[in-house]
Protein chains: 2
Amino acid sequence: MDPAGPRRPPTLADVARLAGVSAMTVSRLINEQGKVSRPTADRVRLAMQQLRYRPNPLARGLAGGRTQTLGVVTFDTAQYGPASTLLGIERAARERGYGVAIAAIARPDHDALRDAVLSLHDHQVDGLVVIAPFVATAGALRDLEGTTPVVVAEAGHPGEAPIVGIDQGHGARLATRHLLGLGHRTVHHVAGPDDWIESRLRVAGWRDELASAALAAPPPIETDWSAAAGYAAGVRLVEQGDVTAVFAANDQIALGLLHAFHARGLRVPDEVSIVGFDDTPESAYYTPALTTVRQDFGRLGEVAVALLDQRVADPSLVVENKQLITPTLVVRSSTAAPRHRGRG
Amino acid sequence: MDPAGPRRPPTLADVARLAGVSAMTVSRLINEQGKVSRPTADRVRLAMQQLRYRPNPLARGLAGGRTQTLGVVTFDTAQYGPASTLLGIERAARERGYGVAIAAIARPDHDALRDAVLSLHDHQVDGLVVIAPFVATAGALRDLEGTTPVVVAEAGHPGEAPIVGIDQGHGARLATRHLLGLGHRTVHHVAGPDDWIESRLRVAGWRDELASAALAAPPPIETDWSAAAGYAAGVRLVEQGDVTAVFAANDQIALGLLHAFHARGLRVPDEVSIVGFDDTPESAYYTPALTTVRQDFGRLGEVAVALLDQRVADPSLVVENKQLITPTLVVRSSTAAPRHRGRG
DNA sequence: CGTCGCGAGGTTAGCGCAAACATCATATGA
DNA sequence: TCATATGATGTTTGCGCTAACCTCGCGACG
């Protein structure tokens, strides 16, 4: 049957020949543009199956401008949040027939983000999701205006592109309110890096909630999100001596805190209560199980892709520039009413 | 200067015109094929800068077959190992001038892997890294033979494609030997899923080491890698009653174990010693700090990409079909000599 | 009964680039 | 001195596909 030879993949023209139609008819069928009669469509579909035809996305991109690919810019970290979001995006994209190209940025600065965005733009991605919640990246997305639809996931600069995020301020308020509701006099905060937008939003939410209770916010301790930094912060808090409730900016920091308090003989939650943020799968198995704020990253990815897909289909579409998913508080065993007074 | 209008991106032809040369000369310069004189090269480079020319990867791919893109197939999980490996690959790829397209597979089966591989193949990636260490995926890579170079990362079926991995068996032996060396009579194992190749390799290494010490292996407990499953396994081990040393197949499982033992009042390491696997950044802050086997995933990504790059440059290259990176043991506070006899 | 409108298709021309081959100097050696 | 290699360029062609335009036949409508 098959003449021997370096069997190159079948092209649209091969399908057309086999089905006895022109290439355009096949193309129309693939792109669902209608204008193809039932019998013809059936013949073409049969030919496609026989040849195991697969459209060449590169050629489609070159000729038509659509590549069926979405780009994702993410931060070069295996942390739970960004990693989960990336996978959520990938899943949602695949379900909609898109491929996914990624570019990770190593440093949280403007130029790195620009490079990543341009490189994906070169590959003519149909749309772009940016997970790069850094303060310093403001303006890096400007050039793309009117070129490629962009959605910012998790946190971003208002006005640059529509943002799909989890309501960080709300989460922080939930955590703080929970601790205050338990009877703590105040709540300390161990924050993430100040150059992350999310960090700032969590700090702001915590401050707001304290303010609502007419309480002054103690100075937050800044960290780099790591358990190691959380541990160091924990040591400082122990030395400070009057701490009964701590809101940690993520679960890793909370773990470091737990470790530090345990090492110094401070019992959690008897003497100090701790709330984390993220609800990583492990946090339920910390000792004690961590009370934390749950963020649904999978949903975030889905919503971001859904929005992007709309904008790809209709670039003129005007969308709300901010869509927030509401996080929830998961109460476990690291928080309790204060039983022992702080030493101060 | 600029005539108004819908300014489309400059093409190679634009550069050629501005530099007063033919398109081919520009193309040769870009592709570093030599054969371009210094003065000409300088003129062309200047023109490229002036126009801010960026080659169109789609067109390059269509015309030349090279897309400067690597594909990565990974498993749909935010777990530390796969996520770190993915990022390591991305970093190494970017340093070598490649873009990265990803495809995540949701189920560990043959068809899912096939789909992922084909979709990346459609996009004409120059090479493919597969991180999909499942038993069930054997043979899914066969079709690509002679088409696209493939490297399997972490674990794979021998003979399908070159494998770059971390020596799982060695890591498992390290862990087991450490516990035995401490004086434990035997070592229990809480394994990962049996349909993961890595799981099986760790089980095998643990068995081997026990065998070398003339010990029979107690039946391993199978889990799904999660802390929750580790917790359940821990509960079973506590009920069993004669356990003094446990080797957990990863750090999450170890965390679950820690939690279960703590909940049942069993002190670690006084009554039971635990060794994990991976050395996630958090494991040093578990309570107690976890003794574990460190895997350098970043390095894994680098080595995989380096190998792939070689194979892309010279497809006829014959490479060793297995390159192993040696893991190391990180001793922390979750292991100690047995002080209390088991109850059995 | 002409023609208008529309559905179903075909034709032509590129998208931006690189492979393959052609061209034309200039060096190199017999 | 002339064939011949070698380096530096240009020309042509086509990768696989789609946009834009064109054709043809047929039913509806005045």
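Throughout, a chain's letter reflects where its sequence line sits, starting with A, and its residues are numbered from 1. No experiment lies behind these values; they were computed from the predicted model shown.
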Problem - Sub-4.5 Å side-chain heavy-atom contact between A:Ser27 and A:Ile30 - result: no
Completion exercise
Closest to the side chain of A:Met24, out of C:dC17, C:dG10, C:dA20, is C:dG10
Practice task
Could you check how far CZ of B:Arg60 sits from C1' of C:dC15, rounded to whole Å?
Solution key: 16 Å
Completion exercise
To the nearest 0.5 Å, atom OG1 of A:Thr74 lies from atom CD1 of A:Ile131 at 4.0 Å
Handout entry: Rounded distance (Å) that lies between atom P of C:dG14 and atom CG of A:Leu12
Key = 20 Å
Completion exercise
Assign each of A:Ala63 and B:Val21 the nucleotide of DNA chain D bearing its closest heavy atom; nearer the 5' end lies the nucleotide of B:Val21
Problem - 5' to 3' contact window, DNA chain D with chain B (heavy-atom distance under 4.0 Å) - result: D:dG7 to D:dG16
Handout entry: Interatomic distance, A:Asp122 atom CG to B:Asn56 atom CG [nearest 0.5 angstrom]
Key = 8.0 Å
Practice task
For the residue pair A:Arg60 and A:Asn31, establish whether any side-chain heavy-atom pair is separated by less than 4.5 Å.
Solution key: yes
Practice task
Check the pair B:Arg17, B:Asp14 against salt bridge (charged side-chain N to carboxylate O under 4.0 Å, His left out), reporting the backbone distance first and the verdict last.
Solution key: CA-CA 5 Å; B:Arg17 206 171 305 124; B:Asp14 296 329; 3.2 Å; yes
Handout entry: A:Val36 and A:Val21, any side-chain heavy atoms less than 4.5 Å apart
Key = no
Practice task
Rounded to the nearest angstrom, tell me the gap between atom NE2 in A:His123 and atom C1' in C:dG16.
Solution key: 14 Å
Practice task
Using only side-chain N and O atoms of A:Ser37, determine if any of them is under 4.0 Å from OP1 or OP2 of C:dG9.
Solution key: yes
Produce the list of close N/O pairs, under 3.5 Å, pairing protein atoms with atoms of nucleotides 21-24 of chain C; give distances to one decimal.
none

Handout entry: Nearest-Å distance for atom pair CG/P, residues B:Asn31 and C:dG16
Key = 17 Å
Handout entry: Atom pair distance, as rounded to whole Å: CZ in B:Arg66 and C1' in C:dG16
Key = 18 Å
Exercise for the section: Between A:Arg38 and B:Gly65, just flag the one whose closest nucleotide in DNA chain C comes earlier from the 5' side. Expected result: A:Arg38
Problem - Flag side-chain contact, heavy atom, 4.5 Å: B:Glu154 against B:Leu300 - result: yes
Handout entry: Whole angstrom value for the distance that separates P of C:dC17 from CD of B:Gln124
Key = 16 Å
Exercise for the section: Mind checking B:Ser22 for me? I need base, sugar-phosphate or nothing, with any heavy atom below 4.0 Å counting as a touch. Expected result: base
Handout entry: Whole angstrom value for the distance that separates C1' of C:dG16 from CZ of B:Arg54
Key = 16 Å
Practice task
Take atom CG of A:Leu62 and atom P of C:dC17, then tell me their distance rounded to the nearest Å.
Solution key: 9 Å
Handout entry: Any donor-acceptor N/O pair, A:Arg311 side chain to A:Val150 backbone, under 3.5 Å
Key = yes
Handout entry: Flag side-chain contact, heavy atom, 4.5 Å: B:Arg94 against A:Ser119
Key = no
